[in-house]
Amino acid sequence: MSSSATSPSRLLERLNASSAPYVDPLAELRWESVDTDAWWLPPAALSLAGVAEFEALPLASRRRLSHYEFAYLLEAGLWLEAMFIERLGGALDREPDPERRRYYLHEIREEAGHSLMFLELLGRAGVRIPAAAHPRSALGTAVGRLIPFSSALFWTITVVGEELGDRLNRMIPRGVEEVTVSAVVYHMARLHARDEARHIAHTRAVCAEAVRGLPRWRLAALSPLVAAVLAQHARRLYYPPRALYAAAGLPAGVDWRRRAHANPTRRVFAEQAAALTAEFLRSIGWRL
Ligand SMILES: [Fe+2]
Ligand SMILES: [Fe+2]
């Protein structure tokens, strides 16, 4: 859904039209079939994919890591969606353009639907991410809450947040041919990716417009910060903390986080995922 050739108001009209027939994930998904006897993330999408010590573990242990790494992605989603809902909600009353206002409400409804389905899955499956293994960062929360809503930086950070999560989520539909991925998780991932395509189209368009309005010296001054945010978020999202491997029950005595960092399969995925967003950010003027 490219927006470069579409005027902002035409894009909003189109997005509003496709968001109007709302699908409620809580009503849509077959929650009674939530299972932990299947993969949640496909094996190739795990941070330890291909690592010899990990691949030698029993199937049940490897699958369990897929539940925890998917839950980690969902916790990141819950964190970022809560902030985004807050910022969109705060802007509603000040927004004079009814079409834009309508779009914010669609996004709030859709993000609320995503967060509700994440909570439903985690609650039903009994998968809990302990505080020490949570992807949330206090600095990220402060930045997300404080930078001005209409700024180029806010929308750039939103692009990063939406796109990096979406790239991992999209590994799920791609992985189903090789292994049995849980049907509920598969449908969640499809539903989320479909909504996210619209959100990303909107965010990219608003971001490009905001960056166009920046003077050259601001672009130069802020570009290193944008590069740091992109690198930091990719690191946070694609390389879970040690506590996550412990929570998933992987044997102690191996530094799993280090293994993930040294894992070439993961590095290729993480670099390519970040490179696609970097390419877009460069195309709109950031110097990365
Ligand atoms: Fe979402
Ligand atoms: Fe979104």
Side-chain angles (χ1 to χ4, degrees), residues 1-3 11-12 14-29 40-41 45 69-92 100-123 129 134-136 140-141 143-145 149 154-173 184-208 210 229-230 233-234 236-238 273 276-277 280-281:
M1 210 182 266
S2 164
S3 58
L11 176 68
L12 280 176
R14 214 176 64 202
L15 292 172
N16 281 333
S18 32
S19 276
Y22 180 65
V23 178
D24 176 3
L26 287 188
E28 179 82 357
L29 296 179
W40 284 10
L41 280 177
E69 288 200 2
F70 186 61
Y72 182 79
L73 176 65
L74 299 190
E75 288 290 357
L78 285 164
W79 171 47
L80 298 174
E81 287 177 351
M83 260 192 295
F84 199 46
I85 289 171
E86 186 181 317
R87 297 307 305 265
L88 288 172
L92 271 178
R100 190 168 294 279
R101 206 162 164 168
R102 199 169 285 140
Y103 186 68
Y104 290 172
L105 286 164
H106 278 303
E107 274 219 31
I108 291 171
R109 172 161 77 167
E110 287 162 6
E111 295 299 16
H114 302 159
S115 287
L116 282 164
M117 74 177 171
F118 299 166
L119 290 173
E120 192 72 21
L121 178 79
L122 297 177
I129 301 296
H134 200 283
R136 191 190 298 119
T141 304
V143 170
R145 287 216 165 110
F149 180 72
F154 176 81
W155 290 98
T156 299
I157 291 175
T158 306
V159 166
V160 171
E162 280 179 337
E163 294 196 355
L164 295 193
D166 185 58
R167 297 228 165 85
L168 187 51
N169 182 57
R170 280 174 187 274
M171 294 283 281
I172 296 169
V184 175
V185 168
Y186 173 78
H187 285 127
M188 272 180 73
R190 289 274 310 264
L191 206 151
H192 200 190
R194 198 197 51 198
D195 287 351
E196 225 45 47
R198 288 193 304 277
H199 298 180
I200 289 169
H202 171 256
T203 306
R204 279 190 168 206
V206 178
C207 183
V229 165
L230 178 60
H233 192 58
R236 180 176 300 277
L237 199 64
Y238 300 146
L276 287 167
T277 296
F280 165 72
L281 295 176

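By convention here, the first residue in the shown sequence is residue 1. Both ligands and their constituent atoms are indexed starting at 1 by order of listing.
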### Query
When you measure from the Fe ion (ligand 1) to each N, O or S atom of E111, which atom gives the shortest distance?
OE1
#### Entry: Shortest non-hydrogen separation from A273 to R167 and the atoms involved
O-NH1, 2.8 Å
### Query
Of all N/O/S atoms in E196, which lies nearest to the Fe ion (ligand 2)?
OE2
### Task
Would you check if the Fe ion (ligand 1) lies under 2.8 Å from any N, O or S atom of H114?
yes
### Query
Measuring from I172:CD1 to R190:CZ, what's the distance to the nearest 0.5 Å?
12.0 Å
## Note on the structure
Test side-chain contact (heavy atoms from CB on, under 4.5 Å), reference E162, set T158, L164, D166, output is T158
### Query
With a cut-off of 2.8 Å, does E110 place any N/O/S atom under that distance from the Fe ion (ligand 2)?
no
### Task
Identify, by name, the N, O or S atom of E81 lying closest to the Fe ion (ligand 1).
OE2
### Task
Show the numbers, then the answer: is there a side-chain contact (heavy atoms from CB on, under 4.5 Å) between R236 and R136?
CA-CA 9 Å; R236 180 176 300 277; R136 191 190 298 119; over 6 Å; no
### Message
Counting only heavy atoms not in R194 (residues, nucleotides, ligands), do more than 12 fall under 6.0 Å from its CZ?
### Response
yes
### Query
With respect to the Fe ion (ligand 2), what is the nearest N, O or S atom of H199?
ND1
